[in-house]
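Since the structure comes first, as structure tokens, the remarks are kept for the end.
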Amino acid sequence: MHPKRPCSTVGQMVALAALAAVLAYAAWRTSDTPLALDYAWASHVATAAAETGMRAVTVDEAHAIATSFSHLVLDARKPSDFAAGRIPGAMSLPVSDLDTHLPALAGLLTPEQPLLVYCSGAECEESLELGRILIQSGYTNIALFAGGMAEWTAAGHPVEQ
Amino acid sequence: MKQALFLLGPHLARLILGGVFLFAGYVKIIDPVGFAKNIYQYQLLTDDRLINLSALFLPWLEVIAGAALILAPRLRQGAAAWLILLLTVFTTAVVVSILRGLDISCGCLSTNPDAAKIGWKKVAENTGLLALAVFAYLHAGRHPSLKRPA
């Protein structure tokens with residue numbers, strides 16, 4: 001008996017993809033915490049912030065906060081991004097270097113001090129991470145501007161350099 | 001010696017490539033949310049449903065193609081073709097994102113946001129894997145069970 005000839009490359013690819021699809025579906029159906037197919041990623045940071053105990057603010061609210069000086073505005077991006085352009089009055093507090101900056105901040109602020117955190121845009125998570133660390137450090141009044149620098153500049157608000 | 005290397009080369013290529021994709025798929029299968037976030041951060045897909053479906057399906061395709069490349073001689077040409085396609089798409093996404101100035105984690109061998117960021121080193125790694133996949137594809141027929149009947 002002759003061995004069977006293998007089917008074409010495309011046929012093999014279809015068979016492999018079909019098997020992968022069946023297994024992916026089975027894994028998704030049996031998962032304890034399945035990924036929601038309509039999970040909205042654009043609001044991911046804002047959703048996660050709200051779950052962590054922060055208040056998510058829009059670009060208009062962020063603008064009102066920055067112009068009224070009601071909060072200390074904290075920029076969670078790298079120092080080079082901060083230097084290139086920031087929300088006026090913002091202070092640099094990069095998540096990559098919190099060990100040095102956070103203790104200095106602790107001496108200046110009360111736990112109730114209103115803080116506004118932001119990073120580059122809707123896809124970045126440095127502001128979320130900074131907010132989480134600030135909450136763990138005891139700060140209780142944290143607003144997060146998920147739209148970040150991208151939304152700020154798109155709205156035509158002034159940028160400090 | 002030369003003949004041994006000639007025979008061993010394709011096996012080694014399949015083992016390395018298959019192993020890499022088995023691992024890459026596994027780490028994403030156990031964290032589909034993390035992988036969906038990685039895909040979103042590339043900003044190439046804008047539809048949430050497409051992002052989430054890709055995050056659920058692609059890791060399994062990586063695992064199945066990786067496993068077939070090592071274990072299923074009759075399917076390894078198709079497996080190698082999938083890996084060529086996947087590596088081409090992934091590498092293009094990385095290059096486009098570097099050129100757009102995105103500072104994001106790769107989502108290649110880990111879904112951890114603190115994992116390796118995209119960069120030209122990752123492009124070089126992927127190009128090496130792509131060369132290996134092309135080699136595996138071209139040598140996919142070299143197996144005694146795949147000889148055509150006389």
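Per chain, numbering begins at 1; letters A, B, ... match sequence-line order. Values below: every heavy atom of this structure, side chains too, minus hydrogens, waters and symmetry copies.
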Given the rule that I, L, V, M, F, W and Y join up when any side-chain heavy atoms are under 4.5 Å apart, are [X] and [Y] in one cluster?
| X | Y | answer |
| --- | --- | --- |
| A:Leu93 | A:Val73 | no |
| B:Tyr42 | B:Leu86 | no |
| B:Trp120 | B:Leu130 | no |
| A:Leu74 | A:Met54 | yes |
| B:Val123 | B:Leu87 | no |

Looking only at heavy atoms and a cut-off of under 4.5 Å, which of [options] has the most pairs with chain A?
| options | answer |
| --- | --- |
| B:Ala65, B:Ala68, B:Ala36 | B:Ala36 |
| B:Leu85, B:Leu61, B:Asn52 | B:Asn52 |
| B:Thr46, B:Asp48, B:Leu56 | B:Asp48 |
| B:Val33, B:Ile29, B:Leu50 | B:Val33 |

Query - B:Phe57 CZ: over 12 foreign heavy atoms closer than 6.0 Å - result: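 More than 12 within 6.0 Å, yes.
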**Report entry** More than 12 heavy atoms from other groups under 6.0 Å of CG on A:Asp99
**Finding:**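 Count not over threshold, so no.
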Query raised in the report: What is the minimum heavy-atom distance between A:Ala17 and B:Trp82, and which atoms define it?
Result: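 So the two residues come closest at CB-CZ2, 3.7 Å.
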Give, as side chain, backbone, both or neither, the part of [X] having an atom under 4.5 angstrom from any heavy atom of chain A.
| X | result |
| --- | --- |
| B:Glu62 | neither |
| B:Ala72 | neither |
| B:Tyr137 | side chain |

Query raised in the report: Looking at side-chain heavy atoms only, is the closest gap between A:Gln12 and B:Arg74 below 4.5 Å?
Result: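 A side-chain contact is absent here, since even the closest heavy-atom pair is not under 4.5 Å.
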Report task. For the residue pair A:Met13 and B:Gln77, establish whether any side-chain heavy-atom pair is separated by less than 4.5 Å. Result ->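 In short, these two side chains do not touch, never coming nearer than 4.5 Å.
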Requested in this report: Please list, in residue-number order, every residue in residues 19-41 of chain A that has a heavy atom less than 4.5 Å from any heavy atom of chain B; write 'none' if there are none.
Outcome: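 Contacts with chain B: A:Leu19, A:Ala20, A:Ala21, A:Leu23, A:Ala24, A:Ala27, A:Trp28, A:Leu35, A:Ala36, A:Leu37, A:Asp38, A:Tyr39, A:Ala40, A:Trp41.
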